[in-house]
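Lettering of chains follows the sequences in order, A, B, ..., and the numbering in each one begins at 1. Since the structure is predicted, the reported quantities are computational estimates derived from the model, not experimental observations.
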Amino acid sequence: MTTVHEIHEEATGDVPIRRITITVNGERRVVECEPRLLLAHLLRQGLRLTGTHLGCDTTNCGACTVLVDGRAVKSCTMLAVQADGHEVTTVEGLATASELHPLQEGYREEHGLQCGFCTPGMMLSAKALLDENPDPSEEDVRWALSGNLCRCTGYQNIVKSVLWAAAKLRSE
Amino acid sequence: MYPSRFRYEAPRSLAEALDLLRTGDEAKVLAGGQSLVPLMKLRFAAPGLVVDINNVPGLAHHELDAEGNLHVGALCRHADLERSQLLKAVQPTMAAAAPLIADPIVRNRGTLVGSLCHADPQGDWASVVLALDGAIVAEGPAGRRTIAARDFVLGPFQNALAPDEIAVEAVIPAPRGTPAGGYLKLERRVGDFATVGVAVAVETQADMVTRAGIALTGVGGSTIEATDAEHALVGGALTPDRVAEAADLAAAAARPKTDHRGTAEFKRHLVRTFVVRALGRTGEEAA
Ligand SMILES: Cc1cc2nc3c(=O)[nH]c(=O)nc-3n(C[C@H](O)[C@H](O)[C@H](O)COP(=O)(O)OP(=O)(O)OC[C@H]3O[C@@H](n4cnc5c(N)ncnc54)[C@H](O)[C@@H]3O)c2cc1C
Ligand code: FES
Ligand code: FES
């Protein structure tokens, strides 16, 4: 069991610590935390899954995007306790020990990243899209990624990478 | 950033949720969390108790009842409405608005009812529901009551709910004619609030407008209902002259301010243009 107490501030009353069970990348995790712990902080500090990035911390940039029960959410804007009983997928859950996910291959083939900060969030938004629509148009990809900001690439190669992954997945 | 300390409960029934609210404790209902959690992180909101309603069954619906009224439950997400075939078939104004709220990730969590409760003067759903003459159904210790959207917002971020009430759904009345209209919004980038948003909902019978709703987002301190423009449309066909007159009256009802999103003159011009476009499309469809 993981206990997350990294927030240090004078207690103002009796706020009970809660015990929650979350399946993260297929693995069942039992965690004790304060209700105010954000899902992003649980993943990064508590479970040491630092692939999930915090960019703006104000619900704007999408760098912190993870999947909760298959749907993209901004993990800086969800309480960890809200994930109790749910399945979370982070970027660490995309590849297997021996194989990259087609999205990751697509990024390599089409040069989809520069600094890489937005990449995990982009990939999870893209995964949610491809799970729902295996044959997206360029417009579909741009629409699905419109909640994820990238400061570096101009988006062009990100879109190409996702279309590459879609084609690969369809041919499998 | 993280919120100040609070107690958290995730009740599994509406009755239990209402009981928790009654305990006082500066309680706040948590629906999509896409407005409340950011506010708590900034410590603009610091509730003592958060009552998360996401585990309450029976609130995720959007459906028509036998009379054709549309019910949108408190856990129906913007994304559910964006993907809804039902809305595309029966409710053009809402179908047009859903994809324009926030960004795709926020739409996966945020709710229409939560938006109405949040009462952001820049909120898009407030205009849409006002133009459609909708209402909010609240449940509290004394039972259920229905509050017209027109009476629901008391001021910026202030709604008409008592602290121990939960909004369970929004209701859009069944159209008495053929519904048409749309929501047009100019935003600087995806996820930005509207520079200008215009909700138009008309109902026609044999080419005659029997009901008209027009409401404006972003051009005043709150949502504005363009009542003169509405009245100008009812009782006639959607001819270019009548449409132009309604557009002028809607623009006159706007109270835009010059700010980082644009000049007052520009915004007023957009109101006029959006009304013409929304009704122009409607006119073409009817023809
Ligand atoms: C980046 C970003 C961009 C956005 N862009 C837009 C936009 O373009 N247009 C727009 O309209 N909105 C926008 N929003 C706001 C978004 O639509 C929110 O989803 C919405 O305002 C609140 O809905 P929610 O379900 O998330 O409510 P919450 O955040 O859970 O709650 C908001 C408030 O309403 C109360 N509340 C919620 N549900 C109930 C209920 N059932 N009964 C009683 N009280 C309740 C809560 O207590 C709280 O005070 C944006 C938000 C973000 C983060
Ligand atoms: S860090 Fe969550 S949206 Fe930017
Ligand atoms: S690659 Fe640098 S932010 Fe996207």
Can you tell me which of [options] forms the most heavy-atom pairs within a distance under 4.5 Å of chain A?
options	result
B:R83, B:R189, B:M40	B:R83
B:P99, B:A10, B:A79, B:G191	B:P99
B:V190, B:N108, B:V50, B:V106	B:N108

For chain B, which of A:A128, A:S125, A:C76, A:G62 has the most heavy-atom pairs under 4.5 Å? A:C76
Among A:T65, A:V81, A:T59, who wins on heavy-atom pairs under 4.5 Å with chain B? A:V81
Quick one: does any side-chain atom of B:K41 pair with a main-chain N or O of A:T77 as donor and acceptor, under 3.5 Å? no
Is the backbone of B:M1 close enough, under 3.5 Å, to the side chain of A:D57 for a donor and an acceptor to pair up by distance? yes
Taking atom SG of A:C61 and atom CD1 of B:I105, what is their separation to the nearest 0.5 Å? 8.5 Å
How long is the gap from CG on B:D52 to CG on A:L79, to the nearest 0.5 Å? 7.5 Å
Can you name the nearest heavy-atom pair linking A:P35 to B:Y8, along with the distance? CB-CB, 3.4 Å
Ignoring hydrogens, what is the shortest heavy-atom contact between A:A144 and B:P104? Give both atom names and the distance. O-CG, 3.9 Å
What do you reckon, is [atom1] of [X] surrounded by more than 12 foreign heavy atoms closer than 6.0 Å?
X	atom1	result
B:Q158	CD	yes
B:E26	CD	no
A:R170	CZ	yes
B:K88	NZ	yes
A:E87	CD	no

Ionic contact status for A:E34 with B:R7, cut-off 4.0 Å: no
Does this structure show an ion pair linking B:D80 with A:R71, if we count only N-O contacts that are shorter than 4.0 Å? yes
Considering only heavy atoms, which portion of B:L36 lies under 4.5 Å from any heavy atom of chain A: side chain, backbone, both, or neither? neither
Is there a side-chain contact between B:V37 and A:M78 in this structure, where contact means two heavy atoms from C-beta onward sitting under 4.5 Å apart? no
B:D103 vs A:K74, side-chain contact (heavy atoms from CB on, under 4.5 Å): CA-CA, chis, key distance, verdict: CA-CA 11 Å; B:D103 65 49; A:K74 294 180 178 177; 2.6 Å; yes
